[in-house]
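All remarks here apply to the structure that follows.
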Amino acid sequence: MTNNKTTHHNGFRVRTIPELTKPQIRRFWNKVEIGKHNDCWNWTASTSFGGYGQFSIQHDNWKASRVAYFLYYGIDPAENMILHSCDNRLCCNPHHLRTGTSKDNTQDAISRGRHVATRTGTVLDQEGREMVKLLYCYDVPKNQIAVIMGISYSTVRNICLHG
Ligand SMILES: [Zn+2]
């Protein structure tokens with residue numbers, strides 16, 4: 001084990017969440033709309049990272065869901081991603097969060113994409129368009145997105161370009 005703050009994973013810098021002070025922890029949970037065990041606990045402060053909550057620790061920004069996971073489970077997700085079982089990017093309910101690799105995340109998005117596509121056919125509603133953008137975010141190739149969503153390549157390209 002190393003004490004370095006930074007490790008490398010697949011060429012990417014992996015940041016380690018710093019130890020949080022009590023006031024920082026209080027400041028964090030104050031920004032979360034804490035609800036019942038099974039409810040989504042939405043982040044109420046600023047967002048970034050494509051719609052995820054954003055929390056700054058010592059001038060460094062972190063995904064709120066990542067910090068929530070860290071504070072609740074005491075485990076730094078490090079190179080793993082935080083996956084939302086509720087599909088709600090603002091959610092900081094630790095019970096809705098789990099870690100996974102970016103491959104898991106893509107697989108999740110693909111299976112959700114199939115689900116949306118089955119339900120909406122070839123006409124994409126807002127949810128379908130969001131799904132296309134999400135798959136695109138996860139670096140799924142556009143031609144693959146087209147197949148998953150049951151739409152044409154040019155439709156995919158349009159959505160990715162113009163939202
Ligand atoms: Zn949730």
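We're numbering straight along the sequence, starting at 1. Scope of the values below: all heavy atoms of this structure, side chains included, with no hydrogens, waters or symmetry mates. In each ligand, atom 1 is the first atom listed, and ligand 1 is the first ligand listed. All values reported here derive from a predicted model rather than from experimental measurement.
- In summary, Cys86 places an N/O/S atom under 2.8 Å from the Zn ion (ligand 1), meeting the contact criterion.
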Practice task
Run the numbers on Asn88 and Asn42 for side chain to side chain donor-acceptor pair (under 3.5 Å), then give the verdict.
Solution key: CA-CA 8 Å; Asn88 173 4; Asn42 282 332; 2.8 Å; yes

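- Shortest distance from the Zn ion (ligand 1) to His96 is reached at ND1 (N/O/S atoms only).
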Exercise for the section: Run the numbers on Gln54 and Thr47 for side-chain contact (heavy atoms from CB on, under 4.5 Å), then give the verdict. Expected result: CA-CA 5 Å; Gln54 173 181 259; Thr47 59; 5.6 Å; no

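- Using bins of under 30°, 30° to 60° and over 60° for the plane-to-plane angle, the ring pair Trp43/Phe28 lands in the tilted bin.
- Under the 30°/60° scheme for interplanar angles, the aromatic rings of His84 and Tyr52 are found to be tilted.
- The Zn ion (ligand 1) has an N, O or S atom of Cys40 inside 2.8 Å of it.
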